[in-house]
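In what follows, a single structure is set out as structure tokens and then discussed.
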Number of protein chains: 2
Amino acid sequence: MGGRRRPTMADVAREAGVAAKTVSRVLNGEGPVAAGTRERVLAVVGRLGYRPNLMARNMRVGAADATVGLVVPELGNPFFGAVAGGVERVVRARGLTLVLGCSSETAALEQALIATFLARRVSALMIVPSAAAEHRHLRAERAAGLPIVFLDRPAAGLTADCVVSANRQGARTGVAHLLAHGHRRVGFIGDRPAGLHPRRERFQGYRDALEEAGLPADRALVATGHDREAAAAAARRLLALPDPPTALFTGDDLATTGAVVALSGAGRRDVALVGFDDPPLAECLDPPLTAVAQDPAGMGVAAAELALSRLDGDRSRARRTVIPTRLVVRGSGELRPAPGAPRPAPS
Amino acid sequence: MGGRRRPTMADVAREAGVAAKTVSRVLNGEGPVAAGTRERVLAVVGRLGYRPNLMARNMRVGAADATVGLVVPELGNPFFGAVAGGVERVVRARGLTLVLGCSSETAALEQALIATFLARRVSALMIVPSAAAEHRHLRAERAAGLPIVFLDRPAAGLTADCVVSANRQGARTGVAHLLAHGHRRVGFIGDRPAGLHPRRERFQGYRDALEEAGLPADRALVATGHDREAAAAAARRLLALPDPPTALFTGDDLATTGAVVALSGAGRRDVALVGFDDPPLAECLDPPLTAVAQDPAGMGVAAAELALSRLDGDRSRARRTVIPTRLVVRGSGELRPAPGAPRPAPS
DNA sequence: TTGAAAGCGCTAACAT
DNA sequence: ATGTTAGCGCTTTCAA
């Protein structure tokens with residue numbers, strides 16, 4: 001019990017009465033090996049419980065390690081869990097192993113993780129950058145040929161591949177859905193730091209939709225909440241305005257659930273709601289929630305495929321892949337504006 | 001551009017006019033180094049963008065790699081995402097790196113992942129075993145001192161550390177809640193393969209509660225669904241029985257959401273429901289969902305801490321850590337039995 | 001305070 | 001069909 005030295009290839013070789021290289025050949029199915037020798041070697045391998053040391057192999061082969069590094073802000077968040085799942089599937093299918101770290105949305109932790117991964121000589125790097133992070137320091141790595149793909153949010157201070165949701169278009173479609181049902185005052189509630197890429201883009205999409213409809217952008221209808229409770233409070237605040245919105249558009253999952261809590265808590269079945277991210281029980285709500293669904297697993301898959309194509313030698317210029325969103329219409333976006341509000345007939 | 005050889009310690013040494021060992025000393029803050037030498041070395045390190053190669057270091061040191069391997073069935077599942085997040089936090093705080101793989105609930109993939117991790121010489125192994133898996137082959141590793149912790153489900157064919165939810169107790173409490181509100185016919189809907197540990201334990205807890213209340217176990221009230229739709233269908237089937245249940249207990253998240261869909265779709269606000277796993281929007285449902293909440297992040301943390309204590313030399317016998325569940329009472333468990341059903345006064 | 005040599009476990013490049 | 005030698009990038013051991 002307890003920590004006997006692991007058998008090495010040399011042990012196997014000695015025991016089998018062959019040279020180490022022969023063991024290597026057997027294990028890697030390389031050059032020609034006599035059937036008898038092969039069997040003898042495999043028998044010893046089994047008996048000794050020998051496991052090849054991948055680190056040693058990689059080092060000798062000189063190649064980068066057969067791993068890709070992924071940094072996400074938080075694994076507990078189902079969105080990033082799904083992203084990581086997508087990455088893992090692709091990476092694994094290619095025979096690579098996923099090395100994973102959580103930055104807790106902290107630039108310092110993110111950088112430490114990246115440093116660790118680089119020291120491990122990962123074959124590729126995929127990063128969901130935290131809000132405050134800076135990536136200038138990765139320029140040399142990129143120049144040296146390391147594939148680096150940013151996920152969900154673009155890099156700061158670095159031109160690099162990037163995979164994002166169709167945030168702006170998705171928000172525009174969601175808000176347009178509300179406008180198409182007669183709403184003229186639509187509130188916006190965002191949660192993630194206002195400077196964050198997805199939040200900015202979604203807000204832009206909100207404004208795009210208003211502008212297309214010839215409606216003014218009223219700053220009083222824009223609110224922010226840093227968590228579910230804050231988002232709920234923001235929703236209540238908006239609804240308490242002298243000239244309140246008749247519909248809400250929420251910019252992310254926390255804001256959406258916050259708004260749902262606020263509306264259901266207040267019994268306000270008359271306020272329409274459309275929001276980013278499609279939570280599992282959306283269709284069980286009353287009214288059923290109309291949502292802009294993202295495809296996090298698809299984002300992970302796309303990012304991993306992009307990284308692998310770089311690994312395969314694709315040297316074309318950095319590109320941004322946009323993963324479409326999908327408006328899932330279930331009813332909460334079709335409520336009528338509160339009585340008294342202007343209500344043009346749909347064209 | 002594109003793939004210049006990475007600078008090695010020897011490059012730094014040559015450039016700085018010192019021996020490799022001196023560079024090593026500077027970088028590891030080891031033996032005594034003259035201040036001037038240190039600065040010269042660090043300058044070259046910065047100029048060349050040198051990054052120590054962790055693989056080489058680990059190999060020489062002979063120690064296991066500074067990684068722990070984690071196998072989960074599916075990262076897209078928020079439960080396992082949270083588990084992985086808990087593991088990562090602890091592992092990272094210890095300076096180790098998480099290596100992650102998804103088995104897709106497949107024994108073969110799981111075994112392949114484990115083999116890869118062993119080849120990488122991970123310092124510890126944590127596994128959420130898939131239903132059909134067998135772990136006899138890990139005996140030698142365990143005997144050799146490798147910490148191995150099983151998560152959510154115990155190992156098969158191997159005595160090893162294990163961290164699980166209080167499945168039986170949680171289910172018992174949930175069902176007792178229904179019984180305390182006058183229900184006498186409680187249906188059980190389970191989803192995961194019936195042989196799976198959590199499913200079995202939760203079913204046992206269901207029977208425990210019935211037995212404590214002196215109620216018969218009616219096999220007709222037990223159903224299985226393999227996904228959300230199937231679970232919903234199972235719920236509808238139970239409610240269509242000649243002598244239908246007045247309440248449902250669901251054994252996992254898919255069964256729970258399936259039951260919610262079925263009940264809300266049928267407008268059956270008279271059927272009580274309590275289920276395992278507390279979904280994000282539980283409180284927004286109508287009626288608000290009473291749920292048995294697990295603590296997946298806590299499970300990950302506990303498992304990682306257990307593994308690390310083994311790494312630190314704890315040689316005590318294998319232990320099972322049970323992470324408590326929490327009954328979150330919100331109302332769906334307190335509905336009255338349908339009219340006509342016997343309804344004894346609560347004691 | 002620094003350096004030289006040996007070697008971790010493996011495989012590429014040559015033998016044989 | 002198999003064995004030998006050298007060396008991947010680093011650290012240990014011993015010496016200066």
Side-chain angles (χ1 to χ4, degrees), chain A residues 3-42 44-45 48-67 116 118-123 144, chain B residues 3-42 44-45 48-66 115-116 118-123 144:
Chain A
R4 201 158 62 277
R5 191 178 68 79
R6 271 175 182 288
T8 75
M9 188 172 271
D11 297 328
V12 176
R14 190 175 342 97
E15 201 85 359
V18 298
K21 179 67 208 183
T22 301
V23 179
S24 170
R25 278 199 261 262
V26 169
L27 262 37
N28 295 307
E30 249 186 30
V33 180
T37 314
R38 141 173 285 109
E39 285 191 23
R40 197 147 31 92
V41 168
L42 288 179
V44 175
V45 164
L48 263 46
Y50 168 73
R51 310 252 190 188
N53 185 328
L54 246 187
M55 287 195 295
R57 171 174 220 289
N58 277 326
M59 217 183 79
R60 173 64 243 221
V61 174
D65 192 15
T67 53
T116 304
L118 291 175
R120 298 204 91 78
R121 299 292 188 267
V122 293
S123 295
Chain B
R4 203 159 59 276
R5 191 178 68 79
R6 272 175 181 289
T8 76
M9 189 173 270
D11 296 328
V12 175
R14 190 174 344 96
E15 201 84 358
V18 298
K21 177 66 211 185
T22 303
V23 178
S24 170
R25 279 198 261 261
V26 170
L27 262 38
N28 294 309
E30 250 186 26
V33 181
T37 314
R38 141 173 283 107
E39 285 192 23
R40 198 145 32 91
V41 168
L42 289 179
V44 175
V45 164
L48 262 48
Y50 168 73
R51 312 249 192 190
N53 185 328
L54 249 183
M55 286 195 296
R57 171 173 220 290
N58 276 326
M59 215 184 81
R60 176 64 242 222
V61 174
D65 192 14
T116 304
L118 291 175
R120 283 196 168 284
R121 298 295 188 267
V122 293
S123 295

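Each chain gets a letter, A, B and so on, in the order its sequence line appears, and its residues count up from 1. Computation of the quantities below employed the complete heavy-atom set of this structure, encompassing side-chain atoms and omitting hydrogens, waters and symmetry-equivalent molecules.
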For residues 10-17 of chain B, which side-chain N or O atoms pair as donor and acceptor with protein atoms under 3.5 Å away, sequence neighbours left out?
from, atom 1, to, atom 2, distance (Å)
B:Asp11, OD1, B:Arg5, NH2, 3.2
B:Asp11, OD1, B:Arg14, NH2, 3.0
B:Asp11, OD2, B:Arg5, NH2, 3.0
B:Asp11, OD2, B:Thr8, N, 2.7

**Message:** Taking any atom closer than 4.0 angstrom to a non-hydrogen atom of chain B, what span of DNA chain D does the protein reach, first nucleotide to last?
**Reply:** D:dG9 to D:dT12

**Prompt:** Do A:Glu30 and A:Lys21 come within less than 4.5 Å of each other through their side chains, counting heavy atoms only?
**Reply:** yes

**Request:** Could you tell me the separation between the CZ atom of A:Arg120 and the CG atom of A:Asn58, rounded to the nearest 0.5 Å?
**Result:** 11.0 Å

**Request:** Rounded to the nearest 0.5 Å, what's the gap from CG on A:Leu54 to CE on A:Met59? Could you check?
**Result:** 13.0 Å

**Prompt:** Taking C-beta and beyond as the side chain, do A:Val122 and A:Thr67 meet within less than 4.5 Å on heavy atoms?
**Reply:** yes

**Prompt:** For the atom pair CG (B:Asn53) and CZ (B:Arg6), what is the distance rounded to the nearest 0.5 Å?
**Reply:** 8.5 Å

**Complete:** Per-nt protein contacts along nucleotides 2-12 of chain C (heavy atom under 4.0 Å; B base, S backbone sugar-phosphate only, - none) come out as BBB-BBBBBBB

**Prompt:** Can you tell me how far CZ of A:Arg51 sits from CZ of B:Arg121, rounded to the nearest 0.5 angstrom?
**Reply:** 8.5 Å

